[in-house]
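Heads up: the structure comes next, in C-alpha cells.
Computation of the quantities below employed the complete heavy-atom set of this structure, encompassing side-chain atoms and omitting hydrogens, waters and symmetry-equivalent molecules.
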Amino acid sequence: MSDFELLDPSGLPIGGGSAAHGAGDDPLVDGLNPAQARAVTTRGPALLIVAGAGSGKTRVLTHRIAHLIRGREAWPSQILAITFTNKAAAEMRERIEGLLGDASQGMWISTFHSACVRILRREAERFGYVSGFTIYDSADSRALLKRIIKELDADTYGFTPANSGAKISKLKNELVDAATHAATMNENDPRERLFVEIFRMYEQELKRANAFDFDDLIGQTVHLFRAHPDVAAVYQRRFRHILVDEYQDTNHAQYSLIRELTRPVEVEEVDRLVPPARAKELDAAGRIPPASLTVVGDSDQSIYAFRGADIRNIVEFERDFAGAEVVKLEQNYRSTQNILSAANAVIGNNFDRQEKHLWTSEGDGERIVGFTGYSQHDEARFVAEEIEDLHRAGLAYSDIAVFYRTNSQTRALEELFIRSAIPYRVLGGTKFYERAEVKDAMAYLTSIANPYDPIAWSRLLGAPKRGVGAMAEAHLANFQEAQGVSFHEAMLRAEEVTAIGPKIRATVRALGEMLVRASRMAAGGGATDVAGEDAVPAPVADVMKLVLDETDMIEKLRAKRDPQDDARAENLEELLAVAREFDVKQPGAGLLAFLTEVSLVAAADDLDDSSGTVSLMTMHTAKGLEFKAVFITGVEEGLLPHQMSVDEIGGISEERRLMYVGITRARERLYLTLASTRATFGDVSVAMPSRFLQEIPEGLIDWRQSPGEVTGRGGTASRALNSPRASGGGGSWSRTRSDSAVTFSGGGSGSGAVSEPASGNMQSALDKWRERKRLAKEAQASGGGFPNLVGGSVRDNGDLELATGDRIRHDEYGDGRVTGISGVGTKRIAHVVFDTVGERKLLVKLAPIEKVEAAEE
C-alpha cells in the first residue's frame with residue numbers, strides 16, 4: 001500500500017490548505033481563551049507554543065490537530081505527532097478520536113523511539129540490517145557491557161556496566177560514535193583509550209547480533225536520512241505537519257531528527273519520488289517545501305539536563321526555524337494566584353527563558369505556609385500534623401503530595417507518617433528501609449547482633465561483591481551447621497573448608513575477623529568496669545562506621561560515578577545519621593535496641609484508607625502531576641539548590657526551574673518547609689535557608705515558624721516527636737535497655753539458631769543451603785521483623801488494649817482521651833483528643849503512649 005493512498009488525485013487535501021472556519025463558528029475553537037484559539041488556528045512554517053504550567057497545552061495540541069483535519073488542510077496520514085511517553089501518546093490519540101471519531105485513523109501519534117522503529121523496520125536493509133532486528137533493553141545492554149568489561153579486564157580501571165553505559169548513551173544522544181569519539185579523545189589517558197575500546201566492541205557486538213539499543217533507534221534514523229536523501233525524501237514528503245510535545249526536553253539527537261524531517265525535498269530527489277510528485281505539491285523552485293512544524297513546551301520546566309535535554313533547543317527555536325511564530329499560553333487553570341505569583345517571582349531570576357507571566361482568574365487563594373524546624377524530624381512532624389489537619393478538613397489523602405530533592409530525605413518523613421498512622425506511598429522509588437543498599441548495611445548489623453542469622457549472613461557476603469559465589473557460600477554454611485558454631489566462627493575457620501579455593505578462604509576469613517571485631521565493639525568490648533558491671537555498649541554509629549569503612553560500601557558506590565549510585569551512597573549516609581540520632585537519644589542503649597526500633601518502623605504494615613494515600617516523590621518525579629495540597633520539604637542551600645549544582649554551568653538555573661515545577665504542581669495549598677539543622681554524611685550540620693525562599697515576596701508566605709524564629713531568641717521548644725527533652729528523656733524514641741534475646745520467630749531465645757531437618761545424603765551442598773534459607777525466611781515471615789525479629793523489652797504496643805473513653809499519656813503530647821479505635825491488628829489506629837494539642841491520630845503499635853485510666857463502665 002502506498003503511503004499516499006489517502007491523498008486525493010490532486011495531491012492535496014480538499015480545502016486548499018486554509019482553515020475552513022473562523023474562530024467565531026468553529027466548535028474546535030469555542031471555549032478556548034484568545035491565546036489558545038490563536039495557537040489552534042495560526043498557520044505558517046513554524047510555531048512555538050510557550051505553554052506555561054497548567055495552561056491547557058494538551059487541549060491546544062489536540063484541537064490544533066483536529067482543526068487541521070476537519071478543515072481539510074491535511075489528511076491524517078500527513079500528520080506526525082510526537083510525545084515523550086507512551087501514556088501521553090495514548091491520551092492524545094484518545095482525545096483526538098473523541099473530537100474526530102474514525103476520521104483520525106492513519107495518523108502517527110507516538111514517542112520519538114516508536115516512530116523511529118517504524119521507519120527503521122521499513123528501511124533497515126538500506127544500511128546492512130534486516131527488518132527483524134532486535135531492540136536491546138537496558139538489561140540486555142548491561143549484560144553485554146558486563147561481558148566486554150570482563151574480557152578487557154576494564155573493571156580494574158573502575159569501569160562498570162552502569163558508568164560505561166551512561167557515557168555511551170550520552171555520546172549516542174550527541175550523535176557521536178566510537179570512531180568519532182576516538183578522534184577527539186586524549187590518547188595519553190589510558191582510561192580514555194580503554195573506554196573507546198569498550199565502546200567499539202559494544203558497537204561491533206550489536207551489529208553482529210543485528211540489534212539496536214534504545215539510543216540507536218533515533219541516532220540510526222538520523223544517520224539513515226543523512227546517508228540516503230532519497231529515503232529521507234519519502235518521509236519529508238509524507239509528513240506535512242509535525243507536532244512535538246515537551247520540546248524543552250529534547251536532546252541533540254531528537255532535535256536533529258526533527259531538523260531532517262522538516263527539510264525541503266530538493267529538485268533532484270523530487271524527480272526520483274514514487275509516486276511522482278504532482279504540481280500542487282511543489283513550490284516555485286520545483287521543490288517540495290518543508291513540513292510545518294509546531295512545538296509545544298516551556299523552557300521554565302526544562303529539568304532533565306542530566307538525561308541530555310538541551311534547553312537551547314527551545315530557547316533558540318526562533319533562530320533555528322526562520323519565520324517562526326510564538327504564542328504564549330499564560331492563563332493558568334490549575335493554581336491560585338498566590339501560588340502562581342510565587343512561581344513567577346522565583347523563575348523570573350533565570351535569564352535563559354522566554355519571558356511569560358502566569359495568571360489565573362480564580363482568585364488569590366490561601367497564602368503559602370512556611371515552616372522551619374529545628375531538625376528534619378521537627379520538619380517531618382509539622383508535615384504530618386498539617387496533613388492530618390487537611391484530612392480532617394475534608395481533603396483526601398490522595399490529594400496531598402510531599403516533594404523532596406533527594407531520596408535520602410524520605411526516612412524522617414516515613415517514620416513520622418507511620419507513627420501518625422498516615423497512609424503513604426513512595427512514587428518512583430522504594431521505601432527507605434526497603435532500599436537494597438540500606439538492607440545490605442542492616443544485614444551487617446543484624447549479623448553482628450546475631451551471628452546465627454542465615455539470611456543476614458547470606459546477604460552481607462555479597463554486599464559489596466567480593467567473589468564469594470553461591471557454591472562457596474553453601475559450603476561455608478553447611479560447615480557452620482555441621483560444626484554447630486556461629487557463622488562468624490565458621491568464617492574464622494574458613495581454612496578448614498577445603499572445597500573452596502585459597503583466595504576465597506582468605507577473603508572470608510578477613511571478613512569474619514571484621515565481624516568479630518564489630519561484635520566485640522557492639523558488646524562494649526567484653527570488659528567490665530570497676531564495679532563489676534557490664535561495660536556500656538559502643539555507640540551504634542561507631543559500629544556502623546566500622547562496617548562502612550572496612551567494606552568501602554560508600555566509596556565503591558561513589559567511584560562508579562553514576563547519579564543513581566550517588567543516591568545510594570546518600571542513603572547509606574542517611575542510615576549512619578539514623579544511628580547517630582539514636583545514640584544521642586538513647587546513650588548506651590546499644591545495637592539490639594537500635595535494631596528493634598528500626599524493625600518496628602520498617603515492618604509496619606501499609607495502612608489502608610478509603611481516601612487513598614499521601615504521595616511522596618522527588619521533584620523530578622512530580623513533573624506532569626498536580627495535587628490540591630503540596631509540601632516542598634528541605635528548601636535549604638545544599639538540598640534545593642543541590643550542592644552538586646553549584647559548580648555546574650547552568651546548574652543553579654536548572655535547580656530554580658525544578659523549584660518552579662514543584663511550586664506549580666499545587667492547586668490550592670502550598671507548604672514550604674526546611675530545617676535549621678540537618679544530619680548529613682552522618683553528622684549534624686547547620687542548614688541555611690534556600691536562596692529561592694528569598695526570591696518569593698514576603699507577603700505571599702505565612703510563616704508558622706520562620707528561620708529567624710528558630711535560630712534567634714524567639715525560638716521555643718522543638719515540635720519534633722523524638723527531640724531530646726529537658727528532663728533527659730528521649731521523647732517517643734525513649735526506650736528501656738535490656739539484654740534481650742534474639743529470635744527468628746519471636747518466641748525462641750538464646751542463640752536464635754534455627755533447627756533444620758536432617759538432609760538426605762543425595763542432597764547437594766547448594767540445595768541443602770537453599771532449603772535452610774527457605775525455612776529461615778518462612779520463620780522470619782511468620783514472626784515479622786527486619787531483617788529478623790530482634791525481641792526485647794522495648795516499647796511495642798501490639799498488646800495494648802484501648803477503648804473509647806480511655807485516658808492515655810503520650811511522651812510528646814501529654815494526656816488525652818481516646819475518642820475512637822479503627823483498624824485491626826498491627827493497623828489499629830487510636831483517635832485521641834489531647835488536652836494541649838487537640839485531635840491526633842496514632843498507630844497504636846508504635847505510638848509512645850501508655851494507658852493511665854480506663855473508661856468508666
inquiry  = Can you see whether Y660 engages N350 through a side-chain donor-acceptor pair at a distance of less than 3.5 angstrom?
reply    = no
ask   = Regarding R259 and the six-membered ring of F321, is the cationic atom NZ or CZ under 6.0 Å from the ring centre and inside 45° of its axis?
value = yes
ask   = Is it true that K356 and D298 make a salt bridge, defined as a side-chain N closer than 4.0 Å to a carboxylate O?
value = yes
task = Answer yes when E269 and R263 have at least one side-chain N-carboxylate O distance shorter than 4.0 Å, and no when they do not.
result = no
query = Picking from D320, T250, N251, what satisfies side chain to side chain donor-acceptor pair (under 3.5 Å) with N313?
reply = T250
task = Give a yes or no on whether D271 atom CG has more than 12 heavy-atom contacts from other residues, nucleotides or ligands under 6.0 Å away.
result = yes
Between CG on residue N173 and CG on residue D310, distance to nearest 0.5 Å = 11.5 Å
inquiry  = If we check side chain to side chain donor-acceptor pair (under 3.5 Å) with D216, which of these qualifies: H113, H223, K172?
reply    = K172
key: Pair R126 + D230: basic N to acidic O under 4.0 Å   = yes
ask   = Under 4.0 Å between a Lys/Arg side-chain N and an Asp/Glu carboxylate O for R272 and E266?
value = no
query = Are any of the side-chain nitrogens in E626 or R667 under 4.0 Å away from the carboxylate oxygens of its partner?
reply = yes
Basic-acidic side-chain contact under 4.0 Å: E91, R95 = yes
Pairing of R405 and E655 as salt bridge, 4.0 angstrom limit = yes
